[in-house]
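Since the structure comes first, as structure tokens, the remarks are kept for the end.
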There are 2 protein chains.
Amino acid sequence: MRPGSTRELAHPDAADLVLTDVLFALSDPARLEITRRLAEGPLEVAACQPTGGDLPKSTLSHHLKTLREAGVIRNVPHGRQRYVSLRRDDLEQRFPGLLAAVLRPAPAGE
Amino acid sequence: MRPGSTRELAHPDAADLVLTDVLFALSDPARLEITRRLAEGPLEVAACQPTGGDLPKSTLSHHLKTLREAGVIRNVPHGRQRYVSLRRDDLEQRFPGLLAAVLRPAPAGE
DNA sequence: CCAATAGTTCGAAGATTTTGGAACTATTGA
DNA sequence: TCAATAGTTCCAAAATCTTCGAACTATTGG
């Protein structure tokens, strides 16, 4: 296992997160659902698949890229697969309360 | 002053607000700034103009439309002009904490 | 090693957004 | 009543996003 042989992806520093980018990343239904799923805990890429959806690998990968570049998730190599996780602490530090508000299910009632 | 002669614009009911639509509306820098400006209080359309920006009327109007259709703002006729205001209560009821998190200035610090 | 696995990246087509000029509409001050 | 004011709507061009097949890259089980 050569050092640096794994394909590390770029992640913005917590301090560099941009609110509009985060909001944009979360403004897509599929990406929002991925985010909610990740709130339960880290997952491998394939398991991020939104409910009932069978997005092609490339599409799912693109959504993850959007979330990652906005700083919402972290995507690290793990053997043959990858672990995707929510950047909870970084988001909370930079935009306090945002994640909680977004993850909270909307009150029922028409 | 004929009844119904004023140009009323459509506004979604509070219960029908969609989170992803709200997030999308707020994900544009100009629209986010308009929203922040409105947090201080209602304004006429022209006064919503983002700082230093001199957006053409039509562009500004379009941004307001996006915010209005997402349910972020209300835009009502008022004489020759219009009053634009933040739908604070509706947003708070439907997505508790969201507006506060978005309006709060990001913590300083690199 | 080799093949299978798990994903990313490339590229291109189609859909949506963004922008802004021009035309249009109400409303009011003079 | 008329012109000026304050905005919206219409339209089209340019930019950006979304989607997904296909090619490519690591990694590991056998």
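From a predicted model like this one, the values you see are computed outputs, not experimental measurements. Within every chain, numbering begins at 1; the chains are lettered A, B, ... in the order of the sequence lines, protein sequences first and strands thereafter.
Between the CZ atom of B:Arg7 and the P atom of C:dA23 there is a distance of 19 Å, given to the nearest Å. The interatomic distance linking B:Leu43 (CG) with D:dA6 (C1') rounds to 15 Å, in whole Å. Spacing between atom NE2 of B:His63 and atom C1' of D:dT9 amounts to 16 Å, rounded to whole angstrom units. The distance from atom CG of A:Leu64 to atom P of C:dT9 is 11 Å, rounded to the nearest whole Å. In this structure, the CZ atom of B:Phe24 is 6 Å from the C1' atom of C:dT17, given to the nearest Å. Across the protein-nucleic acid pair, A:Leu32 atom CG and D:dT18 atom P stand 14 Å apart, rounded to whole Å. Rounding to whole angstrom units, CG of residue B:Leu67 and P of C:dT18 are separated by 10 Å. Between the NZ atom of B:Lys57 and the C1' atom of C:dT18 there is a distance of 19 Å, rounded to whole Å.
Relative to the side chain of A:Val45, the nucleotides C:dT8, C:dT5, D:dG7 differ in distance, and C:dT8 lies closest. The A:Ala46 side chain lies nearest to C:dG7 when the options are C:dA22, C:dC10, C:dG7. Considering only side-chain atoms of A:Ser61, the nucleotide from D:dG7, D:dC17, C:dT8 that sits closest is C:dT8. Of the listed nucleotides (C:dT9, C:dT18, C:dT8), C:dT18 has the atom at the smallest distance from the side chain of B:Asp28. Distance from the side chain of B:Arg80 is smallest for C:dG29 among the nucleotides C:dT18, D:dA26, C:dG29.
B:Tyr83 comes within contact range of no nucleotide atom at all, as no heavy-atom separation falls under 4.0 Å. Backbone-only contact: A:Leu9 has heavy atoms under 4.0 Å from sugar-phosphate atoms and none from a base. Residue contacts shown for A:His62 include a base, since a base heavy atom lies under 4.0 Å away.
Between the side chain of B:Ser58 and the base of C:dG21 there is at least one donor-acceptor pair of N/O atoms closer than 3.5 Å.
Between A:His78 and C:dG7 there is no side-chain N or O to OP1 or OP2 distance below 4.0 Å. Residue B:Asn75 places no side-chain N or O under 4.0 Å from the OP1 or OP2 atom of D:dG7. Contact annotation: B:Thr59 side-chain N/O to C:dT19 OP1/OP2 distance is not under 4.0 Å. In this structure, B:Arg31 reaches the C:dT18 phosphate: one of its side-chain N or O atoms is under 4.0 Å from OP1 or OP2.
For the pairing with A:Arg74, the side chain to side chain contact (heavy atoms under 4.5 Å, CB included) check across A:Leu38, A:Val84, A:Asp90, A:Leu86 returns one residue only, A:Asp90.
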**Q.** Working for side-chain contact (heavy atoms from CB on, under 4.5 Å), residues A:Asp89 and A:Gln93
**A.** CA-CA 6 Å; A:Asp89 296 346; A:Gln93 178 205 86; over 6 Å; no
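The line from CG of A:Leu9 to CZ of A:Arg82 is 4.5 Å long, rounded to the nearest 0.5 Å. From B:Leu91, atom CG reaches atom CG of B:Leu26 across 8.0 Å, with rounding to the nearest 0.5 Å.
A:Thr35 places none of its side-chain heavy atoms less than 4.5 Å from the side chain of A:Val102.
By the 30° and 60° cut-offs, the orientation of the rings of A:Phe24 relative to B:Phe24 is tilted.
The residue among A:Pro56 and A:Gly79 whose nearest nucleotide of DNA chain D lies closer to the 5′ end is A:Pro56.
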